[in-house]
Amino acid sequence: MRAEFPDFRLGAVLATSFTATLTERRGNAVERIPTPQRLVDWLAVNGLAVDSCTPAQLDLARELRESIHAAATAAAIGDPLPAAAVGVINGRSVRGRAAAILTPEGTRHWRLGSASGVDDALGVIAADAIAILSGERDGKLALCASPTCRAAFFDTSQSRTRKWCDMNTCGNRQKKARFNAKKPAERR
């Protein structure tokens with residue numbers, strides 16, 4: 001019987017969605033890619049299907065995830081990017097040999113090399129992180145306002161004032177907490 005795993009938090013931005021494979025970083029952390037197969041599953045859901053993943057490749061993926069999170073957090077608060085994180089992101093980016101393919105429908109798909117699918121997929125994620133961190137993409141890095149989450153996310157809203165990494169989780173949880181905090185005071 002297969003163990004139940006928490007759902008993936010999927011977003012429109014690949015790199016920050018990847019960092020969301022570890023959530024509630026300041027509370028009871030939730031690891032959403034605890035096994036190599038879960039990384040394969042996450043990559044498939046994000047258009048980066050690979051055949052398999054080894055435990056060593058999972059470790060590389062987690063190292064990339066944490067490096068992206070560290071760099072995005074620094075960028076969001078205006079600090080210099082950590083050199084070690086930049087080194088990991090660049091290293092994963094240059095190892096990948098994925099090719100962007102335009103479909104007849106006008107969408108982009110990634111063609112990953114058969115011999116190094118995970119390396120290629122991590123290269124795509126690293127390249128997306130580089131595009132965000134370097135300012136190539138229109139948006140702003142921010143940190144989730146939830147005190148237990150503090151996930152880095154890429155805000156592409158028109159006003160660039162989004163507060164939550166995901167309104168359906170952190171935003172709703174915070175709104176519910178505020179609502180419940182007001183209830184007892186109103187009953188008095």
Using salt bridge (Lys or Arg N to Asp or Glu O under 4.0 Å) as the criterion, list what pairs up with [X], not counting sequence neighbours.
X: Arg26; value: none
X: Arg111; value: none
X: Arg162; value: none

Do [X] and [Y] sit in one hydrophobic cluster, given that two such residues count as connected whenever their side-chain heavy atoms are within less than 4.5 Å of each other, even indirectly?
X: Ile125; Y: Leu81; result: yes
X: Val13; Y: Val45; result: yes
X: Phe154; Y: Val86; result: yes

Can you run down the salt bridge (Lys or Arg N to Asp or Glu O under 4.0 Å) pairs that involve residues 77-92, sequence neighbours left out, and say none if there aren't any? Arg92-Asp119
Nearest 0.5 Å, what's the CG-CZ distance between Leu22 and Arg65? 4.5 Å
Any heavy-atom pair between the side chains of [Y] and [X] that's under 4.5 Å?
X: Pro36; Y: Ser52; result: no
X: Leu141; Y: Leu133; result: yes
X: Leu14; Y: Leu48; result: yes

Arg150 (side chain) donor-acceptor with Ser146 (main chain) under 3.5 angstrom: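 Absent.
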Is the backbone N or O of Ile33 less than 3.5 Å from a side-chain atom of Arg62, with the two atoms forming a donor-acceptor pair by type? yes
side-chain contact (heavy atoms from CB on, under 4.5 Å) partners for Val40, two or more places apart: Gln37, Val50, Cys53
Please name all residues satisfying side-chain contact (heavy atoms from CB on, under 4.5 Å) with Ile130, sequence neighbours left out, ordered by chain then number. Ile89, Asn90, Ser93
Pair Asp128 + Arg137: basic N to acidic O under 4.0 Å: yes
According to side-chain hydrogen bond (donor to acceptor under 3.5 Å, both in side chains), who are the partners of [X], at least two apart in sequence or on a separate chain?
X: Glu66; value: Arg25
X: Asp155; value: Ser157
X: Thr103; value: Glu105, Thr107
X: Thr23; value: Arg32

ILVMFWY cluster membership beyond Ile77 - transitive side-chain contacts under 4.5 angstrom: Leu143
Listed partners of Phe18 passing ring pair (Phe, Tyr, Trp, His ring centres under 6.0 Å), at least two apart: Trp42
Considering non-hydrogen atoms only, spot the tightest contact between Leu39 and Ala61 and give its length. CD2-CB, 3.5 Å
